[in-house]
Amino acid sequence: MAGGRVFRGLREGGPLAFRPTYKFDKASANPFAYDTSEKRRIPAWCDRIFFRGSVPFPTPEAEEGEQLQSVDEERDVVVRALEYNSWADVTDSDHKPVYAVLEVDLPITDQAKKRAVCSRLLKECAAAAAQTEGDDGASAAEGDVEAPEPAEEPACCLLPDLVKLHPTTIPNQMVLLRNEGPRPLLFSVACAPGECGSGGATLLGRSIEDDQAAAAAHQLLAVRPVRGVVPPGQDAQLQVHLAGDEWLLRNVNKPPVLHYRVRVGGEYSAGGEALGPGSRELSFTAVCLTRL
């Protein structure tokens with residue numbers, strides 16, 4: 001393997017700093033009792049762990065047609081071994097199990113940026129197609145420019161726009177995002193910025209205790225999914241769930257109120273991530289009741 005003749009592109013979990021893992025006497029009181037049968041096999045490291053990331057590890061000698069690939073840490077999966085050992089106290093088998101602790105760096109895609117790029121490319125393709133059709137059948141005088149049609153606002157609504165929750169009796173509620181238009185809609189949900197509290201939480205009172213409860217309610221309340229697609233004429237179910245250390249809300253004078261915004265857009269918008277032509281913003285309110 002070190003010479004690149006087998007397991008090319010792979011790497012072992014680390015140096016063999018543990019005893020040979022084969023062959024042991026099963027169920028022996030001595031966990032380090034190697035084979036005492038007539039064969040008395042020579043102990044060996046028969047159990048190994050090899051790994052690689054998305055790019056093979058370099059080998060000493062490249063084969064014909066083989067090219068060395070460089071690792072891009074922002075795009076490739078990178079794997080590193082942190083620990084490599086065996087469990088010597090396991091006596092159920094004539095092998096000792098081997099384990100490796102691996103650290104894996106995974107590339108993360110910025111979904112909002114990806115949708116914005118897709119939106120821009122779709123607009124450019126649509127504009128190019130419209131220009132081509134206009135050139136083929138152009139009958140207007142030279143210099144006349146036809147103004148593009150404005151993007152239509154998505155036809156959608158939220159039902160209801162107010163939900164009330166209680167930590168023990170009403171922990172779950174549902175808000176429906178209804179697509180009343182002829183095209184699929186992309187949406188994103190986020191807590192709207194508020195004037196007090198944190199994370200969009202607002203209170204009728206101004207006490208420190210209420211501000212702390214607003215922050216706690218923001219941490220306890222969850223809305224799922226936060227992104228998605230609504231087909232034409234259908235609904236997307238937004239699950240609103242209140243769970244966690246609800247004791248933080250028991251001594252609150254006024255129930256915390258959390259406002260959520262739902263941005264909706266078509267395929268030519270930024271996927272519901274930003275407001276602009278062809279997009280729309282809706283909102284709903286969640287009230288965390290402390291008493292019934």
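Along the sequence shown, the residues carry numbers beginning at 1. Computed from a predicted model, the values in this text were never measured in an experiment.
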What pair of heavy atoms forms the shortest contact from [X] to [Y], and how long is it?
{"X": "G13", "Y": "A81", "result": "O-CB, 3.0 Å"}
{"X": "G9", "Y": "R52", "result": "O-CB, 3.5 Å"}
{"X": "Y84", "Y": "I49", "result": "OH-N, 3.2 Å"}
{"X": "A88", "Y": "P31", "result": "O-CB, 3.3 Å"}
{"X": "K164", "Y": "Q173", "result": "O-NE2, 2.9 Å"}

Check: [Y] and [X] side chains under 4.5 Å, non-hydrogen atoms:
{"X": "P231", "Y": "P184", "value": "no"}
{"X": "D76", "Y": "P107", "value": "no"}
{"X": "C157", "Y": "E180", "value": "yes"}
{"X": "T285", "Y": "D161", "value": "no"}
{"X": "W45", "Y": "Y22", "value": "no"}
{"X": "F187", "Y": "L282", "value": "no"}
{"X": "R224", "Y": "H241", "value": "no"}
{"X": "F284", "Y": "V240", "value": "yes"}

Pairwise distance [atom1]([X]) to [atom2]([Y]) - rounded to 0.5 angstrom:
{"X": "T36", "Y": "D25", "atom1": "OG1", "atom2": "CG", "result": "3.5 Å"}
{"X": "R263", "Y": "R280", "atom1": "CZ", "atom2": "CZ", "result": "14.0 Å"}
{"X": "H259", "Y": "L162", "atom1": "NE2", "atom2": "CG", "result": "10.0 Å"}
{"X": "C156", "Y": "L176", "atom1": "SG", "atom2": "CG", "result": "13.0 Å"}
{"X": "L221", "Y": "C288", "atom1": "CG", "atom2": "SG", "result": "5.0 Å"}
{"X": "K23", "Y": "S93", "atom1": "NZ", "atom2": "OG", "result": "9.0 Å"}

**Request:** May I ask you to check whether F24 and F32 place their ring centers less than 6.0 Å from one another?
**Result:**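 Here the rings of F32 and F24 have centres that are no less than 6.0 Å from each other.
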* Asked: Run the side chain to side chain contact (heavy atoms under 4.5 Å, CB included) check on F57 and R8 step by step: do they pass?
  -> CA-CA 8 Å; F57 289 108; R8 296 182 64 85; over 6 Å; no
### Message
Counting only heavy atoms from other residues, nucleotides and ligands, does the tally under 6.0 Å from OH of Y99 exceed 12?
### Response
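Counting other residues, nucleotides and ligands, OH of Y99 exceeds 12 neighbours.
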*Please say whether more than 12 non-hydrogen atoms of neighbouring residues, nucleotides or ligands are located less than 6.0 Å from CD1 in I42.*
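No.
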Q. Can V230 be reached from L159 by stepping across I, L, V, M, F, W or Y side chains whose heavy atoms are under 4.5 Å apart?
A.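 No, no single cluster joins them.
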Original post:
Transitively linked via ILVMFWY side-chain contacts under 4.5 Å: V101 with V104?
Top reply: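 No: no chain of side-chain contacts under 4.5 Å links V101 to V104.
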Could you tell me whether [X] and [Y] make a salt bridge, using a distance below 4.0 angstrom between a side-chain N and a carboxylate O?
{"X": "D35", "Y": "R41", "result": "yes"}
{"X": "R80", "Y": "D105", "result": "yes"}
{"X": "R178", "Y": "D235", "result": "yes"}

Chi angles and distances behind the side chain to side chain contact (heavy atoms under 4.5 Å, CB included) call for I170, N172 = CA-CA 6 Å; I170 319 174; N172 299 291; over 6 Å; no
Point to revise | Under 3.5 Å side-chain donor-acceptor pair for S28 and N30 | key: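 There is no such pair between these side chains.
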Give a yes-or-no answer on whether the side chains of H95 and T21 include a donor-acceptor pair shorter than 3.5 Å.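 Their side chains do not contain a donor-acceptor pair, so the 3.5 Å distance test is not met.
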Margin query: Could you go through L238 and V189, starting from their C-alpha distance and side-chain angles, then the distance that decides it, and tell me whether this counts as side chain to side chain contact (heavy atoms under 4.5 Å, CB included)?
Written below: CA-CA 9 Å; L238 305 180; V189 183; 4.2 Å; yes
From CA spacing to verdict: side chain to side chain contact (heavy atoms under 4.5 Å, CB included), Q237, Q239
CA-CA 6 Å; Q237 298 180 354; Q239 302 289 340; 3.6 Å; yes
